[in-house]
Amino acid sequence: MIPAQFDYVKPSSLEEAVRALASDEDAKVIAGGQSLLPLLRLRFAYPSVLVDLAGLDALRSVTDNGSSIEIGALVTHYELTRDPLIAAHAGLLTEAAGTIADPAVRHRGTIGGALSHGDAAGDLPAVVTALDADLVITGPSGSRVLKPGDFFSDYLTTALAPDEILTAIRVPKLSGWGYAYEKFNVTAQAWAIVGVAAAVRRENGQVAEARVGLTNMGSVPVRASAAEAAAAGADASPAALAAAGARADEGTNPPEDLRAAADYRRHLARVLTGRALTAAAGLS
C-alpha cells in the first residue's frame, strides 16, 4: 500500500528536532524506519510530519562514563554487535543484537527506534530490562531519565511524550558477570515467540545474583523476578539453574495468538530461562 501524505523535515540538531516535534502534535520521529515504515505502508500510522533524525551524528556515539557506557539512540543493531566498548561491558546487548532479523535490518534498525517502538516481542526491550539500564529522554523542558519498568507502559506504548525523543541508553558495567540470550522463533527473521535475556554473577561456586528479562511474555518486557530469586544463592549447577528457570513464568501474562498459545509460551519461558541461566553461568 501507499502511505498517507505527510511532510518531511531533517533537523541538523537535537534542539531543532525537539522543536519540530513540539510544533505539530501529529509529528512522528523516524530513525532507521524498520518499525515505522511498515506501519506507514499499511496506514496504521498517519503522521502529518516525519522528523528524520538521520542528521544527528551526536546520537551515534558510544562512550565510557566510568561505571556505565552510554549508547546513542541512533547506534544500529549491527554496530551493537561490533562496538568494542559494548562487547566488553554489555555483551548481552552484543549477543542479542546479533539475533535480530537479518543483516539488512540490523544495518538500518537502531536501538533507540527499537525501544521507542515499545514492542514486547522485540529482543532489545527485554535486554535493557534485564540490564536495568537508564533511558535518557529529551524534550522541550530538558532531559529526564527513566528505568525500563517506567518507560514501557503497554503494548506498543511508552512513556515518551509526543514532543520527546529517546536520545541515549546508559548501561551499567557488569564486571565479572556472564550473560546469554536465548530465543525460540519459527524462522531466523521472525519475531521471537519467547526470548530470555540472562545475566549471572557467580561467587564461591554459587550464583550470587541473577537478572532475567523476558521477551513476548506480556504487553511489556518483564523481569522474571521469581526465577531471579530462586537462582540467587543457588549452586552454580545446571540442575539448580534449570529449577530456577522453572519459575520464570510466574507473574507473567503471555499473549495468545496464531503462533503460540499462552501455555506454550509459559513452557518456553521456563525451558529457555533454565538454558540462559546455565549459559550465563558458564556451564554450557
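Only this structure's heavy atoms are used, side chains among them; waters, hydrogens and symmetry mates stay out. For this chain, numbers begin at 1 and follow the sequence in order.
The main-chain N or O of I193 is never found under 3.5 Å from a side-chain atom of N185 such that the two would form a donor-acceptor pair. Checking side-chain atoms of T252 against main-chain N and O of P254 turns up no donor-acceptor pair under 3.5 Å. Looking at S23, its side chain does come within 3.5 Å of a backbone N or O of A20 through a donor-acceptor pair. In this structure, the side chain of D52 does not engage the main chain of G55 through any donor-acceptor pair within 3.5 Å. Using a distance-only test at 3.5 Å, with no hydrogens or angles considered, no donor-acceptor pair links the side chain of Q34 to the main chain of V105. Counting only distance, with no hydrogens or angles, the side chain of T215 and the backbone of A126 share no donor-acceptor pair below 3.5 Å. At distances below 3.5 Å, not a single donor-acceptor pair connects side-chain atoms of N65 with backbone N or O atoms of S68. No side-chain donor-acceptor contact under 3.5 Å links R270 to the backbone of D249. Under the 3.5 Å distance criterion, the side-chain polar atoms of H107 are matched with a main-chain donor or acceptor of P103.
If you take CG on D24 and CG on D163, they are separated by 11.5 Å, rounding to the nearest 0.5 Å. In this structure, CG in L268 is found 11.0 Å from CG in D263, a value given to the nearest 0.5 Å. Here CG of L40 is found 13.0 Å from CD1 of I2. Values are rounded to the nearest 0.5 Å. Of the inter-residue distances, the one linking I69 atom CD1 with S61 atom OG reads 11.0 Å to the nearest 0.5 angstrom. Note: E209 CD to E203 CD = 10.0 Å, rounded to the nearest 0.5 Å. Taken from CZ in F152 to OG in S116, the straight-line distance is 8.5 Å, to the nearest 0.5 Å.
Linking Ile, Leu, Val, Met, Phe, Trp and Tyr residues whenever their side-chain heavy atoms come within less than 4.5 Å places V207 and L283 in a single cluster. V29 and L135 fall into different hydrophobic clusters, where Ile, Leu, Val, Met, Phe, Trp and Tyr residues are linked whenever their side-chain heavy atoms come under 4.5 Å apart, directly or through other members. Both V186 and V194 are members of a single hydrophobic cluster when ILVMFWY side chains are connected at heavy-atom separations under 4.5 Å. In this structure, L174 is a member of the same hydrophobic cluster as I111, with clusters built from ILVMFWY side-chain heavy atoms closer than 4.5 Å. Put simply, V49 and L14 are part of the same group of oily side chains (I, L, V, M, F, W, Y) that touch within less than 4.5 Å, one to the next.
For the pair N216/P255, a side-chain contact is recorded, criterion being any heavy-atom separation below 4.5 Å from C-beta on. Between Y155 and D119 the shortest side-chain heavy-atom distance falls below 4.5 Å. I30 has its side chain within reach of L37: a pair of non-hydrogen atoms, C-beta onward, lies under 4.5 Å apart. Side-chain atoms of F6 and D26, non-hydrogen and from C-beta on, never get closer than 4.5 Å to each other. Residues Y8 and V51 fail the side-chain proximity criterion, which asks for heavy atoms closer than 4.5 Å. The side-chain heavy atoms of T273 and L214, taken from C-beta on, include a pair separated by under 4.5 Å. V9 places none of its side-chain heavy atoms less than 4.5 Å from the side chain of L50. Side-chain atoms of L74 and T76, non-hydrogen and from C-beta on, never get closer than 4.5 Å to each other.
Nearest heavy-atom pair, V220 versus S153, reported as atom, atom and distance to 0.1 Å: CG1-C, 3.7 Å. The shortest heavy-atom contact between A276 and A180 is O-CB, 3.5 Å. Across all non-hydrogen atoms, the minimal contact from T110 to A31 is OG1-CB, 3.7 Å. Minimum heavy-atom separation, S48 to A27: OG-N, 3.9 Å. A101 approaches R106 most closely through the heavy-atom pair O-NH1, 3.5 Å. The minimum heavy-atom distance linking P172 with A133 is given by the pair CD-CA, 4.2 Å.
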Given L93 and I71, is the side-chain contact (heavy atoms from CB on, under 4.5 Å) satisfied, shown in steps? CA-CA 11 Å; L93 270 174; I71 303 169; 3.6 Å; yes
Could you walk me through whether R202 and D235 pass salt bridge (Lys or Arg N to Asp or Glu O under 4.0 Å), step by step? CA-CA 9 Å; R202 291 178 56 177; D235 290 336; over 6 Å; no
Before giving the answer on side-chain contact (heavy atoms from CB on, under 4.5 Å), spell out for H77 and L124 the whole-Å C-alpha distance, their side-chain angles and the decisive distance to 0.1 Å. CA-CA 9 Å; H77 306 326; L124 298 185; 3.7 Å; yes
Stepwise, does the side-chain contact (heavy atoms from CB on, under 4.5 Å) test hold for R275 with T278? CA-CA 5 Å; R275 291 179 184 174; T278 300; 5.8 Å; no
Between V128 and V171, is a side-chain contact (heavy atoms from CB on, under 4.5 Å) present by the stated rule, with each step listed? CA-CA 8 Å; V128 300; V171 182; 5.6 Å; no
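The aromatic rings of F184 and Y264 lie perpendicular to each other, with more than 60° between the two planes, well past the 30° mark.
Remark: D132 does not engage R170 in a salt bridge, criterion side-chain N to carboxylate O under 4.0 Å. For the pair R247 and E250, the salt-bridge criterion is met [side-chain N within less than 4.0 Å of a carboxylate O]. Using a cutoff of 4.0 Å between basic side-chain nitrogens and carboxylate oxygens, K147 and D150 are not scored as salt-bridged. For the pair R144 and E164, the salt-bridge criterion is met [side-chain N within less than 4.0 Å of a carboxylate O]. Taking the charged nitrogens against the carboxylate oxygens, E228 and R223 do have a contact shorter than 4.0 Å, which makes a salt bridge. Ionic pairing of D64 and K173 is present here: one or more N-O contacts between side-chain nitrogen and carboxylate oxygen are shorter than 4.0 angstrom.
Defined by atom type and a distance below 3.5 Å, a donor-acceptor pair is present between the side-chain atoms of S143 and T138. Between E95 and T99, the side chains place no donor N or O within less than 3.5 Å of an acceptor N or O (distance only, hydrogens not considered). For the residue pair Y181/D123, the side-chain donor-acceptor check at 3.5 Å is satisfied.
More than 12 heavy atoms of other shown residues, nucleotides or ligands fall within 6.0 angstrom of atom CZ in R259.
Annotation: cation-pi geometry satisfied between R211 and W177 (NZ/CZ under 6.0 angstrom from ring centroid, within 45° of ring axis).
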